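Following: one structure in structure tokens, then a few remarks.
Every value quoted in this text rests on a predicted model; they were computed, and no experiment measured them. Indexing begins at 1, ligand by ligand and atom by atom, following the structure's order.
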Amino acid sequence: MWRNCVRLARGLGRSAVLRPDPKVSRCGVVRGLSPAVPCSPLWNSVTWLSQARQSKDYALPNSSWSQGMMDLYSRFLEMCKDGTWKRIPSYSNSIDHIPESLKLTSEKERKETRFFPRNMNTEGVGFEYAMFLNPSEKRMVCLFQPGPYLEGHPGFAHGGSTATIIDSTIGGCAIFAAGRVMTANLSINYRNPIPLGSVVLVDSKVDQVEGRKVFLSCQVRSIDGQRLHAEATALFIQLDSTKSLQQQMSS
Ligand SMILES: CCCCCCCCCCCCCC(=O)SCCNC(=O)CCNC(=O)[C@H](O)C(C)(C)COP(=O)(O)OP(=O)(O)OC[C@H]1O[C@@H](n2cnc3c(N)ncnc32)[C@H](O)[C@@H]1OP(=O)(O)O
């Protein structure tokens, strides 16, 4: 099984990236955000990820993880030893994912909010996941074990929970490519339902960067690589890294 997984982790087929129609009218919601202040990709400045934080790192094994999840996690940790892959910590608050050096003044104090995929206190009932980044391949993978509180059809993960883990994995990948970004378009084809309690590999990569636009693609497969559960394309837009979203929306 692991050979399939390594093969799987080695290469997404070149999925046709859905090119958004350039004539798409601009979003009226946050029209005319000031052009982003270009910020260099973070691919190789991931050392800040290992900076000690007070916050709990939720991307570590716990008693709710199945043997399959544990085995896959151990294999990716092994691949981190030569620096090819980097384990990405995961916190209950979005702000904790931003390195102190990149935080805006308004983001210094913690607020009583929860990062959506980390909004359940009981282990194993919601999103159990761990992400690993491959800077040289511009890829982010996520080991995902959907818990019983993510149910859609009886016994299977809700399509919105799959969209959430895809958006978070692809979003993490886009952040390393372009710093502060937001999802402009996410298109998902659901091919096979994901059984609750199973373990899947969400494998995303950057396909192209055009100015502020980051185009990415992603596949969600069973850990033996045999079953394709979903495939997605996404467009993320780089934001002005010197202003908070609230400031940009009001400008
Ligand atoms: C740190 C690492 C930790 C990793 C683990 C944690 C990961 C956590 C990750 C969490 C991740 C969670 C992520 C989330 O959940 S983000 C939440 C969901 N997303 C939103 O709410 C975004 C709402 N939309 C907006 O704010 C604006 O529309 C944005 C900011 C996106 C663009 O407004 P802005 O005014 O700035 O730019 P623009 O309108 O001039 O457009 C610029 C260009 O882009 C093209 N365009 C725009 N939209 C579309 C479209 N839909 N299809 C095709 N094309 C589109 C447009 O034509 C133009 O092209 P061109 O004319 O220049 O050629």
Side-chain angles (χ1 to χ4, degrees), residues 17-39 41-51 53 55 57-59 86-103 107 113-119 127 129-135 138-144 160-161 163-188 202 204 206 208-216 218 232-241 243-251:
V17 175
L18 176 74
R19 275 276 169 279
D21 175 354
K23 294 186 295 301
V24 166
S25 62
R26 295 193 172 190
C27 160
V29 174
V30 189
R31 184 176 289 284
L33 279 176
S34 54
V37 173
C39 87
L42 301 172
W43 296 115
N44 296 314
S45 58
V46 293
T47 44
W48 50 268
L49 287 172
S50 49
Q51 283 163 1
R53 308 275 174 111
S55 314
D57 182 350
Y58 285 79
K86 316 253 181 218
R87 190 188 71 85
I88 304 296
S90 176
Y91 306 106
S92 64
N93 194 297
S94 303
I95 292 293
D96 288 338
H97 293 92
I98 303 174
E100 285 305 320
S101 59
L102 294 182
K103 267 183 190 166
E107 295 169 337
T113 58
R114 293 292 289 267
F115 182 52
F116 177 46
R118 297 292 182 197
N119 67 359
F127 293 88
Y129 68 91
M131 290 191 197
F132 291 84
L133 178 78
N134 185 321
K138 296 187 173 23
R139 288 172 58 187
M140 180 82 90
V141 301
C142 179
L143 292 47
F144 174 43
S161 69
T164 296
I165 203 68
I166 289 175
D167 193 24
S168 299
T169 307
I170 274 188
C173 196
I175 287 169
F176 280 97
R180 286 176 187 268
V181 292
M182 282 201 99
T183 317
N185 179 279
L186 178 61
S187 173
I188 301 173
V202 185
S204 70
V206 172
Q208 197 160 340
V209 178
E210 291 171 9
R212 295 177 54 213
K213 297 188 274 191
V214 185
F215 296 94
L216 307 103
C218 169
T233 57
L235 167 64
F236 278 72
I237 305 294
Q238 184 185 50
L239 301 178
D240 179 341
S241 53
K243 289 182 184 164
S244 71
L245 199 52
Q246 288 74 3
Q247 288 168 320
Q248 294 189 61
M249 289 177 78
S250 56
S251 58

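- Considering backbone and side-chain atoms together, Ser168 places no N or O closer than 3.5 Å to any N or O of ligand 1.
- Below 4.0 Å from some heavy atom of Ile175 lie the following atoms of ligand 1, by number and element: 1 (C).
- Contacts of Thr183 with ligand 1, taken as heavy-atom pairs under 4.0 Å, involve both backbone and side chain.
- Near Leu235, meaning under 4.0 Å from any of its heavy atoms, are these atoms of ligand 1: 49 (C), 52 (N), 53 (C), 54 (N), 55 (C).
- The distance from ligand 1 to the heavy atoms of Leu239 drops below 4.0 Å at these ligand atoms: 30 (C).
- Of the possible polar contacts, none joining the Asn134 side chain to the Arg139 backbone as a donor-acceptor pair under 3.5 Å is found.
- Close N/O approach between Ala184 and ligand 1 is found [any backbone or side-chain N/O within under 3.5 Å].
- Without hydrogens or angle criteria, Ser204 side chain to Met140 main chain gives a donor-acceptor distance under 3.5 Å.
- The shortest non-hydrogen separation linking Ser90 to Asp57 is N-OD1, 3.0 Å.
- Each of the following atoms of ligand 1 lies closer than 4.0 Å to a heavy atom of His97: 1 (C).
- Phe236 places a side-chain heavy atom less than 4.5 Å from the side chain of Ile170.
- The Phe115 neighbourhood of ligand 1 comprises atoms 8 (C), with distances under 4.0 Å to a heavy atom of that residue.
- At under 3.5 Å, a nitrogen or oxygen of Lys213, whether backbone or side chain, sits near a nitrogen or oxygen of ligand 1.
- Between the Gln238 side chain and the Ala178 main chain, a donor and an acceptor come within less than 3.5 Å of each other.
- Between the side chains of Arg114 and Tyr91, no donor-acceptor pair of N or O atoms lies under 3.5 Å.
- At a 3.5 angstrom cut-off on N or O pairs, Arg212 counts as close to ligand 1.
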Q: Go through the steps to decide whether Asp96 and Arg118 satisfy the test salt bridge (charged side-chain N to carboxylate O under 4.0 Å, His left out), and finish with yes or no.
A: CA-CA 12 Å; Asp96 288 338; Arg118 297 292 182 197; over 6 Å; no
